[in-house]
Amino acid sequence: MQHQTPCNKILLAGNEGCRVTYCETHQTTELEIGAFSLRLDIEAFSTLNALTNEAMAKINTLHASKQSYQTLMQTLMNKH
């Protein structure tokens, strides 16, 4: 029978319903959102981080663009 090495988890970040832990033993991260848990190696976690940062930047750009458009349209409508 094989003996499994126990995890040595460190809480990296967390709030109500979400947290990220790192296992030093297995060098993996675990993202927990409610009952959902996703275990990733460091490279995959880094890729996920870059992907979510890119998506957030695009959402922010989209919101800023819509706000600029609405402000412009309001200004034009007020001129007439």
Side-chain angles (χ1 to χ4, degrees):
M1 176 182 244
Q2 292 181 338
H3 293 289
Q4 293 185 353
T5 307
C7 289
N8 182 21
K9 290 186 178 182
I10 300 168
L11 179 63
L12 299 177
N15 58 27
E16 279 190 46
C18 296
R19 71 181 185 169
V20 178
T21 57
Y22 173 69
C23 174
E24 286 185 305
T25 306
H26 301 102
Q27 296 188 1
T28 58
T29 57
E30 189 170 357
L31 173 61
E32 296 178 31
I33 304 170
F36 177 77
S37 178
L38 180 63
R39 198 168 296 126
L40 302 165
D41 63 26
I42 298 302
E43 185 178 335
F45 185 72
S46 179
T47 300
L48 177 61
N49 180 54
L51 181 72
T52 55
N53 285 339
E54 180 182 346
M56 196 69 228
K58 289 179 180 179
I59 288 171
N60 289 335
T61 300
L62 177 64
H63 286 182
S65 175
K66 285 186 175 187
Q67 183 61 42
S68 293
Y69 175 78
Q70 290 173 352
T71 301
L72 174 63
M73 294 307 291
Q74 189 64 41
T75 301
L76 291 173
M77 292 177 83
N78 289 340
K79 296 269 180 179
H80 290 82

A.B. asks: May I ask whether Phe36 and Phe45 are part of the same hydrophobic cluster, defined by side-chain heavy atoms of I, L, V, M, F, W, Y residues being less than 4.5 angstrom apart, directly or through others?
C.D. replies: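 In one cluster: yes.
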A.B. asks: Roughly how far apart are Asn49 CG and Leu31 CG, rounded to 0.5 Å?
C.D. replies: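 One finds 11.0 Å between CG of Asn49 and CG of Leu31.
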A.B. asks: Any salt bridge (charged side-chain N to carboxylate O under 4.0 Å, His left out) involving residues 55-68? Give me the pairs, sequence neighbours left out, ordered by first then second residue.
C.D. replies: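 Residue pairs with at least one partner in residues 55-68: Glu54-Lys58.
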A.B. asks: Where do Glu30 and Ser37 land on the side chain to side chain contact (heavy atoms under 4.5 Å, CB included) test, with the steps shown first?
C.D. replies: CA-CA 7 Å; Glu30 189 170 357; Ser37 178; 2.5 Å; yes
A.B. asks: Taking all atoms of both residues into account, what is the closest heavy-atom pair of Ala44 and Asp41, and its distance?
C.D. replies: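 Nearest pair, atom of Ala44 first, then Asp41: N-OD1, 2.7 Å.
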A.B. asks: So do the side chains of Gln67 and Gln70 get within less than 4.5 Å of each other, counting heavy atoms only?
C.D. replies: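 In contact.
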A.B. asks: Taking the side chain as every heavy atom from C-beta outward, state whether Ile42 and Tyr22 have any atom pair closer than 4.5 Å.
C.D. replies: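 Sidechains of Tyr22 and Ile42: in contact.
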A.B. asks: When you measure from the side chain of Thr25 to the backbone N and O of Pro6, does any donor-acceptor pair fall under 3.5 Å?
C.D. replies: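 Indeed, once roles are kept as given, a pair shorter than 3.5 Å links the two residues.
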A.B. asks: Would the distance check show the side chain of Asn78 and the main-chain N or O of Gln74 forming a donor-acceptor pair, the cut-off being under 3.5 Å?
C.D. replies: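 Pair found, side chain donor or acceptor close to backbone of Gln74.
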A.B. asks: Roughly how far apart are Ile10 CD1 and Thr29 OG1, rounded to 0.5 Å?
C.D. replies: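 Taking CD1 in Ile10 and OG1 in Thr29, the distance rounds to 12.5 Å.
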A.B. asks: Output yes when a side-chain donor or acceptor of Thr75 lies under 3.5 Å from a complementary backbone atom of Thr71, and no otherwise.
C.D. replies: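 Pair found, side chain donor or acceptor close to backbone of Thr71.
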A.B. asks: Starting at CG of Leu12, measure out to CZ of Arg19 and round the result to the nearest 0.5 Å.
C.D. replies: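 Here the rounded value is 10.5 Å.
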